[in-house]
Amino acid sequence: MSTGQLVLLDHGVAVLTAALWVAAGGVAAAGRTRLALWLAAAGVLAVAGRLVLVAVLADRGWWFVQEKVLLGVPLLVVTVAAAGVLAGRPLLRGRAPLPPGAVTALFAAGYAALAGFVVTYVGGYPLTWSVALFALAGVGGAVLVTAQALTPAPTAAGPAVSRRRFLAIAAGAAGAAGVGLAFVRAPSADAGGGVAAAHPAGHGTPVTDLRGATTPAAGGTVRPYTVTARTATVALTSGHEVDAWTYDGTLPGPPLTAVQGDLVEVTLRNEDVDEGVTIHWHGYDVACGEDGAPGTTQDVVGPGAEFGYRFRADQAGTFWYHTHQVSHVGVRRGLYGTLVVAPRDAAPEDVDLAVPVHTYDGVLAIGDDDGVLDQAAEPGASVRLRLLNTDSEPHRFGLAGTAFRLAAVDGRDLNGPGEVSERALRLPAGGRYDVVFTMPDGPVALTVDGEVRLRLGGGDDDPATSGWAELDPLHYGEPADVPFTLDTTFDRHFTMVLDRGAAMVDGRPAFAQTVNGRGHPSIPEQVVAEGDLVRFTVVNRSLETHPWHLHGHGVLVLARDGQAATGSPLWVDTFDVRPGEVWDVAFEAGNPGVWMNHCHNLPHADQGMMLRLRYDGVAAMAGGHGHAAH
Ligand code: C2O
Ligand code: CU
């Protein structure tokens, strides 16, 4: 069973456990001792089931069980044992009604099970003292209220009353301490086990000084572009009208192209997008001052303003650009485009087509075509399809009618990509796959999420691709030398546990998308020094997929779920961490700056799942970290 399924099952059994014990208490209070016995017996079985589940999950990683092992399970075991002591004998004897203490004990086991579930679901990883004290206070308070309801306290002080008074004081104190501790501030920086930062945040070279090259490489030319952001109503090919935010009035924005070594110069103007815009060069390792992260690397470009970007196109491959200002709205509405850099030394393919997939108002389109795109291709022609996922959810592609190779992932060529056929390609949000093949005699069809969206060389059949196995890029292509492996001694190792939970996001409490239990901007900055070898372990405890994306660096995938990658070295800028998965990736800190590091499901980033990676000695823009800065 996958870890994600185990997590889900554990949620289910936890809720069931709580329901059984509370029901046992309820029917016992109603005098139905026999039914209560059966429910309690089922409750014991459910507890045993949970213990097994937690043990299996623990084997998948401590991150998946920490709060259960430290709090939920002990609380459950103690209360169930108490229920056994207080209610076991009267239940077995069929005594009716059960004494109030026994009934309360049955309820208490239910409250403990429920508290454990809430701690897992709302608190998550890592367990904090604040959450633990809240949970204890909650269980104590509920037990007290139950006891009170079952036996109104006699006027004379007796042992039961002083016991209750003690419980009330303890629960109140725990709750108060929990509240107090919730306000303890997180440390603002995480050194990942390496040396602490010599410069505090905001001190050192301003990020705005870190700008791109001013001249092309030998043989290259300057590519000047002007891109104007404006609102527009744009019709897709079907006639469906999109109330869009655009670059240059089109969906997507203008395709930007260059040859490796060229100098790309883009002047961004904002005509009337009130929320402001920027351009972030997704996957392109530009100098940090060109990165387009508002509030971190530049001021947002408001209506009437402009900003000039400049970088040398050193990386050949398939990339894209998009706004980074309220990006969960702006990108969705159309502020994105493709950036394709051709290698200087290679012959171009006969057919070279960018295929940016985007969803407008629930309508899937390639570019602005929400029907089926037709592309001419002669038999024998060399073809390169550049698949880009500009949405926030993954898409599944199928190429029918030909064998193919996955030549590049995220704009980085694979080593020795073998020919495959009838294999599906699952592309993370933000990611790119370059697929190459020689046009066969018959037609070729590309499906997106099971439906034909592109035809090469005509044809009209409807290939069934949904049953195809997924190609796993971690085990595809030929190995080659890599600068680091799981055995490397890294200078920094950061663990990011992704989950949902109660956390502050932009100063407001929310049921957030969290990293290590916190939301933006309260997630500690990751601090590195130039030249460091850095490892990320990214753990997904949640039930949703998180496409992780670090700006300014490609990362090498080392392993998934502890299994080392075996195929071609796999350098990516965006990788899908599915529910229950654990990814290990690494990079060398060779591009100084302050870089956004976030989930590329953009609504998730907006809901808190975003932090910064800061090079010691580089200062982000003052007052950065604004709400819209993603
Ligand atoms: Cu394409 Cu910060 O993202
Ligand atoms: Cu996410």
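Counting starts at 1 for both ligands and their atoms, in listed order. Worth saying up front: this structure is predicted, and the values here are computed from it rather than measured.
- For Phe319 and Trp281, the ring centers sit 6.0 Å or farther from each other.
- For the residue pair Thr250/Asp248, the side-chain donor-acceptor check at 3.5 Å is not satisfied.
- Shortest distance from atom 2 (Cu) of ligand 1 to His598 is reached at NE2 (N/O/S atoms only).
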Considering only distance and modelled atom types, tabulate donor-acceptor pairs under 3.5 Å from the side chains of residues 330-343, sequence neighbours left out.
unit_1: Arg333; atom_1: NE; unit_2: Asp243; atom_2: O; d: 3.3
unit_1: Arg333; atom_1: NH2; unit_2: Asp243; atom_2: O; d: 3.2
unit_1: Arg333; atom_1: NH2; unit_2: Asp243; atom_2: OD2; d: 3.2
unit_1: Tyr336; atom_1: OH; unit_2: Tyr360; atom_2: OH; d: 2.7

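- Closest to atom 2 (Cu) of ligand 1 among the N, O or S atoms of His324 is NE2.
- Note on the Cu ion (ligand 2): protein N, O or S atoms under 2.8 Å away count 3, no waters included.
- Sorted by first and then second residue, the ring-ring contact (aromatic ring centres under 6.0 Å, His included) pairs with a member in residues 242-277 read Tyr247-Tyr321; sequence neighbours excluded.
- Remark: Arg412 fails to qualify as a cation-pi partner of Trp571 under the 6.0 Å distance and 45° angle criteria applied to the six-membered ring.
- Using a cut-off of 2.8 Å, one finds that His280 contributes no N/O/S atom close to atom 1 (Cu) of ligand 1.
- A donor-acceptor contact closer than 3.5 angstrom links the side chains of Asp434 and Thr318.
- Under the salt bridge (Lys or Arg N to Asp or Glu O under 4.0 Å) criterion, Asp368 pairs with no residue at all, not counting sequence neighbours.
- Atom 1 (Cu) of ligand 1 forms the vertex of an angle spanning NE2 of His600 and ND1 of His282; to the nearest 10 degrees it equals 100°.
- Aromatic rings of Phe536 and Phe587 (six-membered ring for Trp) have centroids within the 6.0 Å cut-off, being under it.
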